[in-house]
Asker: 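Starting off with a structure, shown below.
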Amino acid sequence: MAAHRVHVDLPRRLIVIGFGCVGQGLLPLLLRHVGMAPGAITIVSADEAGRQIAAEYGIRFITRALLPDNYRQVLDPLVGRGDFVLNVSVDVASVALIRYAREKGALYLDTSIEPWPGGYSNPAVPAAARTNYALREEALALRKGQSASPTAVLTHGANPGLVSHFVKRALLNVAAATGLAASPRETREGWADLSGSLDVRTIHIAERDTQVSTLRKQTNEFVNTWSVDGFISEAQQPCELGWGSHERHFPYDGMRHQTGSQAAIYLIRPGCATRVRTWTPRAGPFHGFAITHGESISIADYLTLRRGGEVIYRPTVHYAYHPCDDALLSAHEFCGRNYVRQEKKRILMDEISPGGIDELGVLLAGHSKNAYWYGSQLSVDDARRLAPHNSATTLQVTSAALAGMIWAIENPKRGVIEPDEMDFERVLEICTPYLGPLVGVYTDWTPLAGRARLFPEDIDPSDPWQFRNVRVS
């Protein structure tokens, strides 16, 4: 580990909440790049998963599920001023932990804004309250009165998180290719003005995972290359997307929020039952799930331009996810069970066959060069060479969480902050060694390509980048 660059020292303690595949893959990166002793780290996990890996590194491991009525009691002996609370769990409320960390004077980072158990799937809770939009608004409300409070980084994994930094790099690349000034903007308004000047109409978080195992999915089993619980949770939330100013056709099942930024809408159907057309360089065109993710809202909000209180520009932003083939089959079975999860689950890791990649990036479309994809083409082979206990999918997440944590230590008094508001160049500097090839590719593909050839379709040929054309009916 001495050969790796230590970016920053953490003089106090690190408390890791949750230790699934992301926590297990993140631990060796933290010990490489953050100056701290293993004895300064404590893992608090709801189950025994990963205990052997923690022991391998000499890390204290506590098995205790954090719940609304006990999390303070469990954490009080562990968390103090100057410590870092790293939340990579599911079913532990982010807002509660952010408040707690602030009270203790501790830094904080999570990879998604989580509710307490049932927050995603309780049918008694209205659909609008089960959205990431609602969770984000609740977290951002913590900014009130946060002057010089400890930094709390929201949603800094691969996506949400890393992809927000990809968007800024992609905007600069397209600007350079089209003759606009290509220097980084200093303000939120500057980035929104750049995106609007380029006429970026839509941004797809376009991901195609081709990793596969010889041990194929079995009946009544959910298989995935990252957290099964996490995927199932977000898959059954309402589909969400940032809603662009160029859109002319409001979805028949779409709903607007009554409060907050109004940057996004949701559909009265789950993300795993909503498909969209997208494109990546290696995969070409494909159908992906429009799974709800925080970046669909935060990027759209960040790139909104207003004049006199009226929105004059905003891109449509959404996730377009084609998981690994066995996860796709798992999601199909899950939907067929009317969103009742399978009894068995399995995360693919050591059994992944050589050769697969996770192609994760951002597709910026509608500008004068049509569409531009920028992102990571990380193979499982490279992931294994670069870091232990990781697949291609998890390493994209863990390297981004590492970068977010380092940024928070370097900027300890920024309060609640989103990836879009951070220094993208610093984050990419830390992540890039772990992302495999980072590529930018232009394409002439549009969601109208080949349409209505075999059957008539309800399309808008006047603008390829209307969501009406992108959505799979």
Asker: For P270 and A235, work out which heavy atoms get closest and say how close.
Answerer: CB-O, 3.5 Å
Asker: Counting neighbours of NE2 on H332 that are heavy atoms of other residues, nucleotides or ligands and sit closer than 6.0 Å, is the number greater than 12?
Answerer: no
Asker: Once the angle between the rings of Y434 and H33 is folded into 0 to 90°, is it parallel (under 30°), tilted (30 to 60°) or perpendicular (over 60°)?
Answerer: perpendicular
Asker: Side chains of Q236 and S121: do they bring a donor and an acceptor to under 3.5 Å?
Answerer: no
Asker: What are the two closest non-hydrogen atoms of E114 and V92, and how far apart are they?
Answerer: CB-O, 3.3 Å
Asker: Quiz question: by atom type and distance under 3.5 Å, do the side chains of S330 and N224 form a donor-acceptor pair?
Answerer: no
Asker: The criterion is salt bridge (charged side-chain N to carboxylate O under 4.0 Å, His left out); which residues satisfy it with E421, sequence neighbours excluded?
Answerer: R143
Asker: Apply side-chain contact (heavy atoms from CB on, under 4.5 Å) to L215 and list each qualifying residue two or more places apart in sequence or on a separate chain.
Answerer: S213, R346
Asker: Give the C-alpha distance, both sets of side-chain angles, the deciding distance and a yes or no for side-chain hydrogen bond (donor to acceptor under 3.5 Å, both in side chains) between T398 and N390.
Answerer: CA-CA 8 Å; T398 58; N390 276 282; 3.2 Å; yes
Asker: Tell me yes or no: between the side chains of T131 and R136, is some donor less than 3.5 Å from an acceptor?
Answerer: no
Asker: Using 4.0 Å as the upper bound for N to carboxylate O, is an ion pair formed by E429 and R426?
Answerer: yes
Asker: Is R185 salt-bridged to D193, going by a charged N under 4.0 Å from an acidic O?
Answerer: no
Asker: When you check the gap from the basic side-chain N to the acidic O, do R201 and D199 get nearer than 4.0 Å?
Answerer: yes
Asker: According to side-chain contact (heavy atoms from CB on, under 4.5 Å), who are the partners of R453, at least two apart in sequence or on a separate chain?
Answerer: none
Asker: Any carboxylate oxygen within less than 4.0 angstrom of a Lys/Arg side-chain nitrogen, looking at R468 and E247?
Answerer: no
Asker: Would you say the ring centers of F231 and Y321 fall short of 6.0 Å from each other?
Answerer: yes
Asker: Measuring centre to centre across the rings, with the benzene-like ring taken for any Trp, is H287 within less than 6.0 Å of H322?
Answerer: no
Asker: Of all residues at least two apart in sequence or in a different chain, which pass the ring-ring contact (aromatic ring centres under 6.0 Å, His included) check with W373?
Answerer: none
Asker: For a quick test of reading the model, state the closest non-hydrogen atom pair linking R307 to I312 and the distance between them.
Answerer: NH2-CD1, 3.6 Å
Asker: Tell me, please, which residues at least two apart from Y374 pass ring-ring contact (aromatic ring centres under 6.0 Å, His included).
Answerer: F166
Asker: Less than 4.0 Å between a side-chain N and a carboxylate O, is that true for D458 and R471?
Answerer: no
Asker: Please determine, by modelled atom types, if T278 and H204 share a side-chain donor-acceptor pair under 3.5 angstrom.
Answerer: yes
Asker: Pair W191, F424 - check ring pair (Phe, Tyr, Trp, His ring centres under 6.0 Å), show working.
Answerer: CA-CA 12 Å; W191 287 105; F424 83 99; 5.7 Å; yes
Asker: Going by the rule side-chain contact (heavy atoms from CB on, under 4.5 Å), which residues pair with P68 if we only count those two or more places apart in sequence or in a different chain?
Answerer: W116
Asker: Does D229 pair with K345 as a salt bridge, N-O distance under 4.0 Å?
Answerer: yes
Asker: Show me the donor-acceptor pairs within less than 3.5 Å that the side chains of residues 17-30 make with the rest of the protein, sequence neighbours left out.
Answerer:
from, atom 1, to, atom 2, distance (Å)
Q24, NE2, F19, O, 2.9
Q24, NE2, G20, O, 3.4

Asker: Locate the shortest heavy-atom distance separating R216 from E221; write the atom from each residue and the value.
Answerer: O-OE1, 4.2 Å
Asker: Hey, are D420 and K168 close enough for a salt bridge, meaning a charged N less than 4.0 Å from a carboxylate O?
Answerer: no
Asker: Are the side chains of L142 and V95 in touch, meaning some heavy atoms are under 4.5 Å apart?
Answerer: yes
Asker: Ignoring hydrogens and geometry beyond distance, is a side-chain donor-acceptor pair present between D460 and H249 at under 3.5 Å?
Answerer: yes
Asker: So, is the end of the K369 side chain (NZ or CZ) under 6.0 Å from the ring centre of Y442 and within 45° of the ring's axis?
Answerer: yes
Asker: Under the side chain to side chain donor-acceptor pair (under 3.5 Å) definition, can you give me all pairs with a residue in residues 351-362, not counting sequence neighbours?
Answerer: T280-E359, D358-T393, E359-Q377
Asker: If the condition is salt bridge (charged side-chain N to carboxylate O under 4.0 Å, His left out), which residues does D325 pass it with, not counting sequence neighbours?
Answerer: R208
Asker: Going by the rule side chain to side chain donor-acceptor pair (under 3.5 Å), which residues pair with D47 if we only count those two or more places apart in sequence or in a different chain?
Answerer: none
Asker: Have Q466 and N469 got a donor and an acceptor in their side chains that come within less than 3.5 Å?
Answerer: no
Asker: Does either side chain, that of E207 or that of Y319, offer a donor lying less than 3.5 Å from an acceptor on the other one?
Answerer: yes
Asker: For R130, which residues count as a side-chain contact (heavy atoms from CB on, under 4.5 Å) partner, sequence neighbours excluded?
Answerer: V125, A127, P238
Asker: Can you tell me which residue pairs pass the side chain to side chain donor-acceptor pair (under 3.5 Å) test with a partner in residues 256-270, sequence neighbours excluded?
Answerer: R269-T274
Asker: How far apart are the C-alpha atoms of T151 and Y108, what are their side-chain angles, what is the distance that settles it, and do they pass the side-chain hydrogen bond (donor to acceptor under 3.5 Å, both in side chains) test?
Answerer: CA-CA 6 Å; T151 298; Y108 173 89; over 6 Å; no
Asker: Where is the tightest heavy-atom contact between G404 and V153, given as atom of each residue plus distance?
Answerer: O-CG2, 4.2 Å
